[in-house]
S.K.: 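Below: one structure in C-alpha cells.
Quick caveat: nothing in here was measured; it's all calculated off a predicted structure.
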Protein chains: 2
Amino acid sequence: MLDNTDLQILDELSKNSRISMKELGEKVHLTGPATSARVEKLEDSGIIVGYTIKINQVNLGFSIHAFITIITQNTNHQPYLSFIKTQEKYLINNYKISGDGCYLLECKFPSNERMNEFLEGLNEHANYKLSIIIDK
Amino acid sequence: MLDNTDLQILDELSKNSRISMKELGEKVHLTGPATSARVEKLEDSGIIVGYTIKINQVNLGFSIHAFITIITQNTNHQPYLSFIKTQEKYLINNYKISGDGCYLLECKFPSNERMNEFLEGLNEHANYKLSIIIDK
DNA sequence: CAAATTCCTTTCATAAATAAAGTAAAACGG
DNA sequence: CCGTTTTACTTTATTTATGAAAGGAATTTG
C-alpha cells in the first residue's frame, strides 16, 4: 500500500519528473538510493506508468484546442475509427464514452481552415458537436 | 524555428522524459552536451513547459473517469467555480468552452457513491451532462 | 523467540551532467 | 567578395548523480 512518502513522491514527480533521485530524496527525507527504490516500486506496481513532457501546443502552432462529441451514423464504428487514424496529427485523445454520444474526441488544430477540413471529413462518417476550449 | 531534430527530441521526451541527455543524443545523432543545449532552448522558448509522470489512476483507486458538461444556472459562474475549488481531489481539468455548455469538467472518482455525492453538490450550482469514459 | 523480510543507510565504482575551450560552417554587413 | 560575428556543434575535464553491494534496525512471520 502507499504511504504518505509515496504520495509525496508522486506529487513531486508530477511537478518535475526530471528531478534527481538525490534531490527528490531531500524533499521526502530519504537518501538517493532509498528514493530510487521507492520510485522503482511505484513503476513495478503500475502506478507510475510513464515519464513525459508537457508541450505548449500553441507555441508549436496548434492554437485551437477542441473537444468533439461524436455520434456515429450507423452502429458500425469502423468507418469513423479508420478516418481518425488518418488524422493523427490533430488527435490528442479519443475516448469511448457513455452518455450523449459514442466518442469524445480531443483535438488540436493550427487554424480554422484545417479544423474545417477535418470536420468536413469527419462529417462523412459521424455527426458531431464541437466545443472549443477558451480557457484553462 | 524547430527543425527535425527538435521534433525528434520532443517525441522521445514525450515517450520517456527521464532519458539521459547522452542516450537521447544517441537517438538524434548528437552528443550529450549538444542535446542538452537543444533541450534547454526548447524550455526557454516555452515549447517544453514541464516534465511530468503518467499515473494510473485506477491503481490509485480512482476507477471512474468522467467528463461533465456544465451549464451554470445563472450568468454568474462564481458559485460553480467556488464549489469545484473544494473538490480538488476529484478534478483533472476544468475547461471553459464554447458550444453546448459553459465548462467541460474532467474528473476521476473512486466509486459511484463518491461521484453521486459530487453530482448532488454540483447540482446546487449548475446543470450538467455526464459522460463516463468506457475505453481509452 | 528465532528467522526472514522490509526498508533504510553508507560506501564505492561507474556513468552522466555540466562548464569551458575550441572549431567549422553559415549568416551578416561593408 | 571578404572579414566578422553568430550558431551549433565536439572534445575534454571536473563535478555530480546513479546504482550495486554490504550491513543494520525494525517489523513481520511461523
Side-chain angles (χ1 to χ4, degrees), chain A residues 1-63 88-90 92 108 110-111 114, chain B residues 1-63 88-90 108 110-111:
Chain A
M1 248 296 79
L2 298 190
D3 64 13
N4 204 56
T5 301
D6 290 318
L7 294 177
Q8 240 182 301
I9 287 172
L10 290 177
D11 189 50
E12 291 297 336
L13 287 176
S14 293
K15 289 190 265 180
N16 175 17
S17 65
R18 273 194 78 86
I19 192 173
S20 74
M21 289 300 117
K22 187 166 174 288
E23 200 183 335
L24 178 57
E26 282 162 18
K27 286 180 188 282
V28 303
H29 311 296
L30 285 175
T31 58
T35 311
S36 189
R38 288 258 190 170
V39 169
E40 202 174 337
K41 261 195 185 175
L42 289 167
E43 293 167 359
D44 292 346
S45 66
I47 287 167
I48 294 178
V49 178
Y51 297 88
T52 190
I53 51 174
K54 285 182 263 186
I55 294 178
N56 182 332
Q57 292 292 344
V58 173
N59 286 357
L60 266 187
F62 292 92
S63 55
E88 262 188 59
K89 61 185 166 305
Y90 300 138
I92 301 169
K108 59 185 178 183
S111 65
R114 289 288 101 70
Chain B
M1 248 297 81
L2 298 191
D3 63 13
N4 204 56
T5 301
D6 290 317
L7 294 176
Q8 240 182 300
I9 286 173
L10 290 177
D11 189 50
E12 291 297 336
L13 287 176
S14 294
K15 288 190 266 181
N16 175 17
S17 66
R18 274 195 78 86
I19 192 172
S20 73
M21 288 301 115
K22 188 167 172 286
E23 200 183 336
L24 179 56
E26 282 162 18
K27 286 180 187 284
V28 303
H29 311 296
L30 285 175
T31 58
T35 310
S36 191
R38 288 258 191 171
V39 169
E40 204 175 336
K41 262 196 184 174
L42 289 167
E43 292 168 0
D44 293 346
S45 67
I47 286 166
I48 295 178
V49 178
Y51 297 88
T52 190
I53 51 175
K54 285 181 263 186
I55 294 178
N56 182 332
Q57 292 290 345
V58 173
N59 286 357
L60 267 187
F62 292 92
S63 55
E88 262 188 59
K89 60 185 169 305
Y90 300 138
K108 59 185 178 183
S111 66

S.K.: Looking only at the side chain of A/Arg38 (C-beta and beyond, no hydrogens), which of the listed nucleotides C/dC8, D/dT18, C/dA17 gets closest?
M.R.: C/dC8
S.K.: Looking at B/Tyr51, is its backbone amide N or carbonyl O close enough to the side chain of A/Asn16 to form a donor-acceptor pair, meaning the two atoms are under 3.5 Å apart?
M.R.: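 Not a single qualifying donor-acceptor pair exists.
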S.K.: Kindly say whether B/Ile19 contributes a backbone atom to a donor-acceptor pair with the side chain of A/Arg18 at under 3.5 angstrom?
M.R.: yes
S.K.: Quickly work out the A/Lys27 NZ to D/dA17 P distance and round it to whole Å.
M.R.: 14 Å
S.K.: To the nearest angstrom, how far is A/Lys22 atom NZ from C/dA17 atom C1'?
M.R.: 14 Å
S.K.: Report the distance from atom CD of B/Glu40 to atom C1' of D/dT7, rounded to the nearest whole Å.
M.R.: 15 Å
S.K.: Which comes earlier along DNA chain D counting from the 5' end, the contact point of B/Thr5 or that of B/Arg18, where each point is its nearest nucleotide?
M.R.: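 The 5'-side residue here is B/Thr5.
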S.K.: Are OP1 or OP2 of C/dT18 and a side-chain N or O of B/Ser36 less than 4.0 angstrom apart?
M.R.: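 Yes.
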S.K.: About how many Å separate CG of A/Leu42 and CG of A/Asp6, when rounded to the nearest 0.5 Å?
M.R.: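 Output value for this atom pair is 5.0 Å.
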S.K.: Given atom CD of B/Glu26 and atom P of C/dA15, what is their separation to the nearest angstrom?
M.R.: 13 Å
S.K.: Identify, between A/Asp3 and B/Ser20, the residue whose nearest nucleotide on DNA chain C lies closer to the 5' end.
M.R.: A/Asp3
S.K.: Check the distance between C/dA17's P and B/Tyr51's OH and give it to me in whole angstrom.
M.R.: 12 Å
S.K.: Could you check how far CG of B/Leu24 sits from C1' of C/dA17, rounded to whole Å?
M.R.: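 Going from B/Leu24 (CG) to C/dA17 (C1'), I get 13 Å.
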S.K.: Do A/Leu60 and A/Ile55 touch side chain to side chain, with heavy atoms closer than 4.5 Å?
M.R.: yes
S.K.: Between P on C/dC8 and CD1 on A/Ile9, what's the gap in Å once rounded to a whole number?
M.R.: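 Going from A/Ile9 (CD1) to C/dC8 (P), I get 8 Å.
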S.K.: Judged by atom type as modelled, is there a donor-acceptor pair below 3.5 Å linking the side chain of A/Ser17 to the main-chain atoms of A/Ser14?
M.R.: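 A pair under 3.5 Å: no.
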S.K.: Between N or O atoms, less than 3.5 Å apart, protein on one side and nucleotides 10-12 of chain D on the other: list the pairs.
M.R.:
| residue | atom | partner | partner atom | Å |
| --- | --- | --- | --- | --- |
| D/dT10 | OP2 | B/Thr31 | N | 3.1 |
| D/dT10 | OP2 | B/Thr31 | OG1 | 2.4 |

S.K.: Separation of A/Lys41 atom NZ from C/dT5 atom P, in whole Å?
M.R.: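 Going from A/Lys41 (NZ) to C/dT5 (P), I get 14 Å.
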S.K.: Under 3.5 Å, side chain of B/Ser36 to main-chain N/O of B/Gly32, donor-acceptor pair present?
M.R.: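 No; zero donor-acceptor contacts below 3.5 Å.
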S.K.: Is it the case that the side chain of A/Arg38 and the backbone of A/Thr5 share a donor-acceptor pair, with hydrogens and angles ignored and the cut-off at 3.5 Å?
M.R.: no
